[in-house]
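In what follows, a single structure is set out as structure tokens and then discussed.
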Protein chains: 4
Amino acid sequence: MSSPSHASPSQRQRRKEARPQELLDAALALFVEKGFAATRSEEVAARAGVSKGTLYLYYPSKEELFKAVIRESLGSKIAEGREELDKHQGPMAELLVWLMQEWWMRLGQTPAGGIMKIMLAEARNFPEIAAFYVDEVIDPSCNMLAEVIRRGVASGEFRPVDPDAAVHVLIGPVLHLVLHQYSIGACGLDLGPKKDPEAVIALHMDLLFKGLLNRPDHEGGSAAHA
Amino acid sequence: MSSPSHASPSQRQRRKEARPQELLDAALALFVEKGFAATRSEEVAARAGVSKGTLYLYYPSKEELFKAVIRESLGSKIAEGREELDKHQGPMAELLVWLMQEWWMRLGQTPAGGIMKIMLAEARNFPEIAAFYVDEVIDPSCNMLAEVIRRGVASGEFRPVDPDAAVHVLIGPVLHLVLHQYSIGACGLDLGPKKDPEAVIALHMDLLFKGLLNRPDHEGGSAAHA
Amino acid sequence: MSSPSHASPSQRQRRKEARPQELLDAALALFVEKGFAATRSEEVAARAGVSKGTLYLYYPSKEELFKAVIRESLGSKIAEGREELDKHQGPMAELLVWLMQEWWMRLGQTPAGGIMKIMLAEARNFPEIAAFYVDEVIDPSCNMLAEVIRRGVASGEFRPVDPDAAVHVLIGPVLHLVLHQYSIGACGLDLGPKKDPEAVIALHMDLLFKGLLNRPDHEGGSAAHA
Amino acid sequence: MSSPSHASPSQRQRRKEARPQELLDAALALFVEKGFAATRSEEVAARAGVSKGTLYLYYPSKEELFKAVIRESLGSKIAEGREELDKHQGPMAELLVWLMQEWWMRLGQTPAGGIMKIMLAEARNFPEIAAFYVDEVIDPSCNMLAEVIRRGVASGEFRPVDPDAAVHVLIGPVLHLVLHQYSIGACGLDLGPKKDPEAVIALHMDLLFKGLLNRPDHEGGSAAHA
DNA sequence: CATGAATGAGGGTTCATTCAT
DNA sequence: TATGAATGAACCCTCATTCAT
């Protein structure tokens, strides 16, 4: 599937349609690992099992390849969350938990999450791509989450907070986990707490809803993760 | 301050000792702005007001310069917080607020915060630096914050939570703001909510302590998500 | 005529025999327009309505294609002038005028004239072709013209001049017009005098025969192109 | 002086100012010999005795180098002829002879003449340069020669001819000789008549003034070059 | 110490040529 | 026979690094 050299010659024709995807996969993996600038286009080609020149049959330049990687990886992932929001019926808190977990699984567990790291590292060198990323990924995501907060506040489920600011509190820890995983976390260092990201997310939700302060009033301290 | 070439001869002597620091400052600013790979060593020299060759009198290679920048920027910024922890008397919540605000001011408002972005981008290409960063920055910071949580829990101020996991919830939003500021936020795009980072931090603290859920002040526990 | 890809299947059979010529035509046009090195072989194929690979079925390399273009374009255009010389009866001056006009029409008005430009540009890179060109085109042409001069001198029609040197005076202006037309003249710049090449040739003949100097003696100053 | 490698190391500093000229000379020679496209920039550098990178310290691209070659070679050669025209007193015929001979010596005997060949070959690929060449070289030259003709006609020395058209007749043979010399003439072929370009020019002048036709009437047929 | 001219390995990209279909 | 995907050698240009001054 991703074996370097050309395996049997009879497969060539069949590969033709898979090539773009194979190249995108290779590029994503390497860009995440080494950064965009530090990845040589020949490496991408080699990882996809083709020669340098072949890469340029499918993408006219390294930068266009980068854009294609972003489009392909993030393009459709946004609309899905939106749909969930629209069809959800129960309390917003439930939806938020589901969204956070889903996000972690989609970004934290797949190389697509590494794109965030790339964007952070290269945004200033590629303003055009940064703008694309903001328009296609960041803005829709934030808007959707803000809408969840807004509805919760409107229904009285949530305290009255600024939805836009709350979104960043919401996002922060998950983003942190994702970014960490693809940079320092990938260095082979043994980082105690990051061993269990799901637990962090669970606690994040628990704290978000109930707060950190002890409330002697009623609940006798149902903390998460004893 | 940054006048290139030859100023008055008397100033030169004075400069000589400042050179290493001037070079590190220049390098830090550029690495943060453009990334390590995309910064040309000649640019660094020019920004420090010296010639290309001079740079190599102080640092044997671009990579060593990079390491020096990181080392220099990270050194000993940690101890201060530790002291504050030891001498603090009031509730831990107060200390946490002070620490978050302090952190934002020190990282968000100074170029040193850009180091986080650099580390994120280059950690995998410089594992030794990453290890250094973990040992000198991440671990101490996390340990200190964990200690704050731990004390709060012990005193009954906080609910019983896993301190290590809580640290990441705590850190996430601030880190997010800092990283954003040095990458996408620097692209000139207009990003609504990020216009007021202090408000985000304030809300972060508010939510952290009191939770998002509406609590009719005594009510029988409307906790979300058991 | 130049419809690419697959026309009707019946036309294809017919085309097969025309292919070599179509390829040569396409190559000639492009070599004249852009030069040999700057013309991509795929362009030649595309202009001939075939694929890149097909070109190599007919010509083993771009260089061989170039040689074939030259050979094909130059073949046997010389003999005709020769015949004219042999059967001509009147004064040599008349013949010269006819030859010059004929030459201009054949070279100046057809893409074949561009070959001269190509030869000039590429002769040193393709010495064998240059030799071929000298043998097949330059020498016969010059010899024929020299013969015209020689006869004119022998019959007393012309002053006694060195025929070989005279040939170059004869050729110069026409060559100049042809070359210009295919290089600078094709750049869209507005070049006053070159708007009327025929007038230049007419004047060339007039000057050649009667000279530029005013001769009060007898003929009452029959200048060309008042 | 033009020995490839770096001779003695002490000369380096001294060479610095000579470098641009050395590079231009090398580039001119190679462009004339092989054409612009077919000359590798590394070849130019090697011929100038420097490395590839050094070339780019002086000229930002191969194309800019090309432009510099043209400017440097042709820039000032035009005005000089003009001066001669202004201060000349005797008959225009004398001036024309002088100009033609001068031109041949300046273009035919120096590599600068090869630029004409380059322009011919590359004009269509570099319209900007072609425009420059027309403005700076062709137009001034033609205008000057037309002026000579015009004065001769006005004074009665010459027959009434169209000056602009006459210029092309005048130029043609010289141009032909120059171009030939740098293309086919440089292939090592033995080309009889071209062995003596000065003779061709002399005959060109003789024919131009007196014409080719035998004129029994007055002067007893003083032909040039028996 | 400081300079900046010079180097040359290396990276992105092109394109003549091949070959499986 | 025709195709066009694939190759890989070259080419232009950059830039980290060196070194003579």
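In what follows, every chain begins at residue 1, and chains take the letters A, B, ... in the order their sequences are listed.
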Take atom [atom1] of [X] and atom [atom2] of [N], then tell me their distance rounded to the nearest Å.
X: B/E42; N: F/dC13; atom1: CD; atom2: P; answer: 19 Å
X: C/L55; N: E/dC15; atom1: CG; atom2: P; answer: 15 Å
X: D/E43; N: E/dG8; atom1: CD; atom2: C1'; answer: 17 Å
X: D/K34; N: F/dA10; atom1: NZ; atom2: C1'; answer: 13 Å
X: A/F66; N: E/dG11; atom1: CZ; atom2: P; answer: 19 Å
X: A/E22; N: F/dA5; atom1: CD; atom2: C1'; answer: 14 Å
X: A/E63; N: E/dG11; atom1: CD; atom2: C1'; answer: 15 Å
X: D/R19; N: E/dT7; atom1: CZ; atom2: C1'; answer: 11 Å

- Output for pair (A/L24 CG, A/Y58 OH), nearest 0.5 Å, gives 11.5 Å
- Roughly how far, to the nearest 0.5 Å, is NZ of A/K52 from CZ of A/R40?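 If I round to the nearest 0.5 Å, the distance is 9.0 Å.
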- Message: If you go through the side-chain atoms of A/K52, does one of them form a donor-acceptor pair with the base of E/dG11 closer than 3.5 Å?
- Response: no
The side chain of [X] lies closest to which of these nucleotides: [options]?
X: B/S51; options: F/dA2, E/dT3, F/dT17; answer: E/dT3
X: D/R40; options: F/dA16, E/dA6, F/dA10; answer: F/dA10
X: A/L57; options: E/dA2, F/dA6, F/dC11; answer: F/dA6

- Query: Looking only at side-chain N and O atoms, does A/Y56 come under 4.0 Å of OP1 or OP2 in F/dA6?
  - Reply: no
- Task: Check whether any side-chain nitrogen or oxygen of C/Y58 sits under 4.0 Å from OP1 or OP2 of F/dA2, and answer yes or no.
- Result: yes
- Query: How about D/F36 and D/F126: are their ring centres within less than 6.0 Å of each other?
  - Reply: yes
- Query: Is the backbone N or O of B/I129 less than 3.5 Å from a side-chain atom of B/K67, with the two atoms forming a donor-acceptor pair by type?
  - Reply: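 Between the backbone of B/I129 and the side chain of B/K67 there is no qualifying donor-acceptor contact (under 3.5 Å).
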- Query: Between D/S61 and B/F36, which has a closest nucleotide on DNA chain F that is more 5'?
  - Reply: D/S61
- The residue, D/T39 or B/S41, whose nearest nucleotide of DNA chain F is more 5′ is D/T39
- Message: Going by purine N1 to pyrimidine N3 plus the second Watson-Crick contact, or the G-U wobble pair, all under 3.5 Å, which nucleotide sits opposite E/dA20?
- Response: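 Paired with F/dT3.
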- Message: For a quick check of understanding: with a heavy-atom distance under 4.0 Å over all strands, which category does B/T54 fall into, base, sugar-phosphate or nothing?
- Response: base
- Look at all strands and tell whether D/K62 reaches a base, only sugar-phosphate, or nothing, counting heavy atoms closer than 4.0 Å.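 If one applies the 4.0 Å heavy-atom cut-off, D/K62 turns out to touch the sugar-phosphate alone, with no base involved.
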- Query: So, D/R47 and D/E22, do they make that salt bridge, N to O below 4.0 Å?
  - Reply: no
